[in-house]
Amino acid sequence: MHATHLHNRFAKKEVRRVRFGVTRGQAILFLITFSLFFYLLTELVFVSVAEGSAGKENEAVVASAPSLIVQEVTVREGDSLWKLSVRYQEEANMDVQRLVEEIKVINELEDVVIYPGQTLLIPIPQS
């Protein structure tokens with residue numbers, strides 16, 4: 001005779017263990033995310049350090065130049081640092097971009113925004 005096996009539905013069921021841990025996909029995703037975060041963080045640090053040291057060099061160039069005179073200019077409607085730099089480029093004997101940076105350093109400007117009526121100092125090397 002063939003014995004049939006009856007299934008007892010009230011019997012205690014075998015408990016399946018839940019696997020806690022990190023899957024391969026999660027590990028790869030974490031690695032990519034961490035790498036991107038680290039790259040952006042280092043870019044931020046090195047760019048801010050480079051800008052800070054460049055600003056110090058500009059200040060040193062302006063401060064250490066004893067033969068530098070400044071011309072006081074009142075900003076008119078429609079003026080910008082670039083337009084002022086183009087206007088005084090020949091007198092300053094400098095590249096326009098460098099003159100913009102020098103004007104920002106001498107006048108302690110954070111950015112290139114200027115207003116009509118504002119007085120700016122333009123660096124002019126003495127011949």
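The first residue in the sequence is number 1, and the count goes up from there.
By the side chain to side chain contact (heavy atoms under 4.5 Å, CB included) test, Thr42 is found to be paired with Phe38, Phe46, residues two or more places apart in sequence or in another chain being considered. The side chain to side chain donor-acceptor pair (under 3.5 Å) test applied to Arg87 returns Asp79, not counting sequence neighbours. With sequence neighbours left out, Glu77 forms a side chain to side chain contact (heavy atoms under 4.5 Å, CB included) with Pro116. For Tyr115, the side chain to side chain contact (heavy atoms under 4.5 Å, CB included) partners two or more places apart in sequence, or in a different chain, are Val113, Gln118.
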Would you tabulate the side-chain donor-acceptor contacts of residues 88-96 under 3.5 Å, counting partners in other chains and residues two or more places apart, or write 'none'?
none

Check: residues 24-31 side-chain donor-acceptor pairs under 3.5 Å, at least two apart:
from: Gln26; atom 1: OE1; to: Thr23; atom 2: N; distance (Å): 3.0
from: Gln26; atom 1: OE1; to: Thr23; atom 2: OG1; distance (Å): 3.3

Next item on the list: Decide side-chain contact (heavy atoms from CB on, under 4.5 Å) for Leu99 and Leu84; before the verdict, give the C-alpha distance in whole Å, the side-chain angles of both, and the deciding distance to 0.1 Å.
Entry: CA-CA 9 Å; Leu99 187 55; Leu84 289 173; over 6 Å; no
Next item on the list: Start with the C-alpha distance between Val70 and Ile106, add both sets of side-chain angles, then the distance that settles side-chain contact (heavy atoms from CB on, under 4.5 Å), and finish with yes or no.
Entry: CA-CA 9 Å; Val70 291; Ile106 286 180; 4.1 Å; yes
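Within the model, atoms CG of Leu121 and CD of Glu72 stand 6.0 Å from one another, a figure rounded to the nearest 0.5 Å. For the atom pair CZ (Arg98) and OG (Ser85), the distance works out to 12.0 Å, reported to the nearest 0.5 Å.
Taking 4.5 Å as the limit, some side-chain heavy atom of Ile103 sits within range of a side-chain heavy atom of Pro123. Annotation: side chain of Thr119 is not in contact with side chain of Val73 (no heavy-atom distance under 4.5 Å).
Using modelled atom types, one side-chain atom of Lys83 and one backbone atom of Gly78 make a donor-acceptor pair closer than 3.5 Å. A distance-only check finds no donor-acceptor pair linking the side chain of Asn107 to the backbone of Leu120 [under 3.5 Å].
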